[in-house]
Amino acid sequence: MSKDFSPLLPAANPPAWLGVMGGGQLGRMFAQAAQSMGYQVAVLEPADECPAGQVAQRLVNAGYSDAAGLDALAAQCLAVTTEFENVPADSLSRLAERVFVAPNAHGVSVAQDRIAEKKFFVDCAPRSGVMPAPHKVIASQQDIDDIADDLLPGILKTVRMGYDGKGQVRVKSREDVRAAFESMDKVTCLLEKMLPLAYEVSVLTARGADGASVVYPIAENVHRDGILFTTTVPGPNVSDASAKVAQQAAQAIVAELGYVGVLCIEFFVLTDGSLVVNEMAPRPHNSGHYTMDACVTSQFAQQVRAMARLPLGDVRQHSPAVMLNILGDVWFEGDSDTAREPAWDRILALPGACLHLYGKDDPRRARKMGHLTIVAPTLDEAQRQLNAACAILGIEP
Ligand code: ATP
Ligand code: MG
């Protein structure tokens with residue numbers, strides 16, 4: 001049985017301290033949201049220079065499993081959350097003996113292990129109405145010999161630590177699987193059937209300690225080189241029917257998990273219009289950044305409310321929005337390796353431009369440095385301004 005601190009505690013009101021595991025940009029935007037509500041924020045992060053550490057009132061400089069660091073966080077804070085998926089579940093359990101932790105170790109451990117996650121989705125399907133892609137665990141040569149013909153072509157994904165398309169290999173034959181499995185040092189993998197995607201959506205949800213939940217509008221995502229490129233809301237391809245199915249599925253999933261906090265669930269919409277659940281992130285998500293500028297309650301403010309056991313906020317979207325990730329690439333012209341600052345003045349001259357930079361001083365290609373959300377009275381107008389932003393930044397729209 002879980003030894004978790006009771007969720008039936010009174011709300012943690014400002015100016016209480018809230019803690020976050022991880023010092024990346026999601027921790028930074030969490031801290032900023034918490035501070036704007038009057039909270040004080042402590043970040044636990046091993047790096048001494050980090051996006052969240054720049055803004056938090058306290059940086060606990062310790063490893064994610066460091067007992068003294070965890071105890072310091074628990075002693076100071078009334079509640080603790082996480083900003084990254086691969087936070088050690090044992091650390092959350094340790095924290096939960098002394099302080100309210102949302103999401104808890106259970107939810108996070110399901111989300112960080114593709115096998116547990118797929119099994120959970122399958123078990124949940126009678127209630128959610130959606131299934132994951134057909135798949136098979138690959139842990140040995142025998143597993144490869146046993147692959148059914150109709151699982152190929154497929155994608156071999158490492159079970160743990162995958163993100164931004166890392167730890168994935170596309171495979172056409174058992175021979176490809178064998179080679180890919182060996183190239184990944186034979187860590188346990190999951191083989192997923194390659195599905196005919198029409199487009200990808202994510203559904204951002206939040207659930208409070210009292211069991212109440214909210215679902216944001218469906219976001220349509222475009223990836224480039226394995227990294228989220230844009231999120232558009234409302235999604236230009238999303239039909240009312242598939243939006244309804246996805247929203248109901250998300251609510252069933254978050255309830256079944258007994259989850260408290262912000263959870264983002266990624267779905268594929270196939271060419272035949274059917275919906276497949278892909279994966280979930282136990283935290284605010286890159287595809288939810290548009291909520292900062294286009295919704296009444298941002299995903300980070302929602303994370304604060306859930307962990308503080310306050311009522312969840314209004315998820316209403318007041319403006320159509322397109323979010324563009326700003327990668328380190330835009331600091332470099334062509335193949336040049338000399339970084340120069342992009343023309344932010346020209347970006348900020350665009351109507352509806354909301355610029356968010358994460359305070360990282362070392363731009364590298366493929367590194368997430370910030371994001372730009374364009375809000376506008378119509379989606380067409382937002383897309384027009386986004387194209388203008390892409391032209392300024394030298395990005396193919
Ligand atoms: P991220 O961190 O960006 O969400 P990830 O590394 O966790 O990515 P996935 O989201 O599972 O990995 O896969 C990355 C991308 O690969 C998906 O967004 C999708 O475009 C494609 N993809 C993954 N699984 C399948 C599949 N079964 N069929 C077709 N395309 C797929
Ligand atoms: Mg994904």
Side-chain angles (χ1 to χ4, degrees), residues 1-2 4 7 85 89 102-138 143 146-148 150-151 154-155 157 159-160 162 188 190-221 235 238-283 285 287 306 312 315:
M1 250 348 258
S2 154
D4 283 8
E85 189 157 336
N104 66 14
H106 171 66
V108 171
S109 60
V110 173
Q112 66 190 194
D113 179 310
R114 287 195 200 272
I115 297 175
E117 187 177 51
K118 287 278 191 292
K119 182 178 181 309
F120 168 76
F121 287 144
V122 171
D123 293 346
C124 194
R127 264 119 14 238
S128 73
V130 292
M131 282 285 285
H135 58 275
K136 181 181 189 341
V137 176
I138 303 292
D143 292 332
D146 293 346
I147 293 170
D150 70 353
L151 265 190
I155 304 186
K157 302 180 180 179
V159 166
R160 301 184 75 88
T188 304
L190 203 75
L191 175 65
E192 265 182 56
K193 183 181 172 69
M194 179 74 83
L195 300 173
L197 311 192
Y199 57 94
E200 299 183 45
V201 297
S202 53
V203 185
L204 190 64
T205 66
R207 186 169 175 276
D210 60 356
S213 63
V214 291
V215 186
Y216 283 88
I218 311 298
E220 188 172 327
N221 299 322
V238 181
S239 67
D240 287 350
S242 56
K244 216 172 186 162
V245 176
Q247 283 189 318
Q248 278 170 1
Q251 243 157 346
I253 286 168
V254 77
E256 177 111 351
L257 207 52
Y259 190 86
V260 178
V262 171
L263 181 79
C264 183
I265 308 166
E266 296 178 15
F267 295 88
F268 299 142
V269 182
L270 306 188
T271 46
D272 67 2
S274 62
L275 212 70
V276 168
V277 57
N278 178 37
E279 60 173 355
M280 56 190 177
R283 48 166 173 79
H285 191 257
S287 66
L312 296 178
V315 295

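Numbering of residues begins at 1 and proceeds along the displayed sequence. Everything numeric in this text was worked out from a predicted model, so none of it was measured.
- The two residues F120 and V110 make their nearest non-hydrogen contact at CB-CG1, 3.8 Å.
- A donor-acceptor pair under 3.5 Å links the side-chain atoms of N104 to the main chain of G107, judged by distance alone.
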Quiz item: Stepwise, does the side chain to side chain contact (heavy atoms under 4.5 Å, CB included) test hold for I115 with L190?
Solution: CA-CA 7 Å; I115 297 175; L190 203 75; 3.8 Å; yes
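- Rounding to the nearest 0.5 Å places CZ of F268 at 10.5 Å from CG of N221.
- Side-chain atoms of S109 come within 3.5 Å of backbone N or O of A105 as a donor-acceptor pair.
- For the pair N278 and F121, the minimum side-chain heavy-atom distance is 4.5 Å or more.
- Looking only at side-chain heavy atoms (C-beta outward), V215 and V315 stay at 4.5 Å or farther from each other.
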Exercise. Check the pair K136 / D146 against side chain to side chain contact (heavy atoms under 4.5 Å, CB included), numbers first and verdict last.
Key: CA-CA 10 Å; K136 181 181 189 341; D146 293 346; 3.9 Å; yes
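- In this structure, the separation between OH on Y216 and OG on S287 is 12.0 Å, given to the nearest 0.5 Å.
- A donor-acceptor pair is defined here as one N or O able to donate and one able to accept, closer than 3.5 Å; no such pair exists between the side chain of R127 and the backbone of A252.
- Using a distance-only test at 3.5 Å, with no hydrogens or angles considered, a donor-acceptor pair links the side chain of E117 to the main chain of M280.
- Between Y259 and S213 there is no side-chain heavy-atom pair separated by less than 4.5 Å.
- Closest of all the heavy-atom pairs between S128 and I253 is CB-CG1, 4.1 Å.
- With rounding to the nearest 0.5 angstrom, the OG atom of S242 is 10.0 Å from the CD atom of Q247.
- Under the side-chain contact (heavy atoms from CB on, under 4.5 Å) test applied with I218, the options V269, L204, V203 reduce to a single match, V203.
- Atom CG of L257 and atom NE2 of H106 lie 5.0 Å apart (nearest 0.5 Å).
- Counting all heavy atoms, side chain and backbone alike, A125 lies closest to M131 at CB-SD, 3.6 Å.
- Rounding to the nearest 0.5 Å gives a distance of 5.0 Å between CG of L151 and CG of L191.
- Salt bridge present: D123 and K119 bring a charged side-chain N and a carboxylate O closer than 4.0 Å.
- Proximity of a side-chain donor or acceptor of T205 to a complementary backbone N or O of L263 within less than 3.5 Å is detected.
- For the pairing with E279, the side-chain hydrogen bond (donor to acceptor under 3.5 Å, both in side chains) check across K118, K157, R114 returns one residue only, R114.
- Heavy atoms only, all atoms of each residue included: H285 and E266 are closest at NE2-OE2, 3.3 Å.
- The line from CE of M194 to CD1 of I155 is 4.0 Å long, rounded to the nearest 0.5 Å.
- Applying the 6.0 Å contact sphere to CG of D272 captures more than 12 heavy atoms from other residues, nucleotides or ligands.
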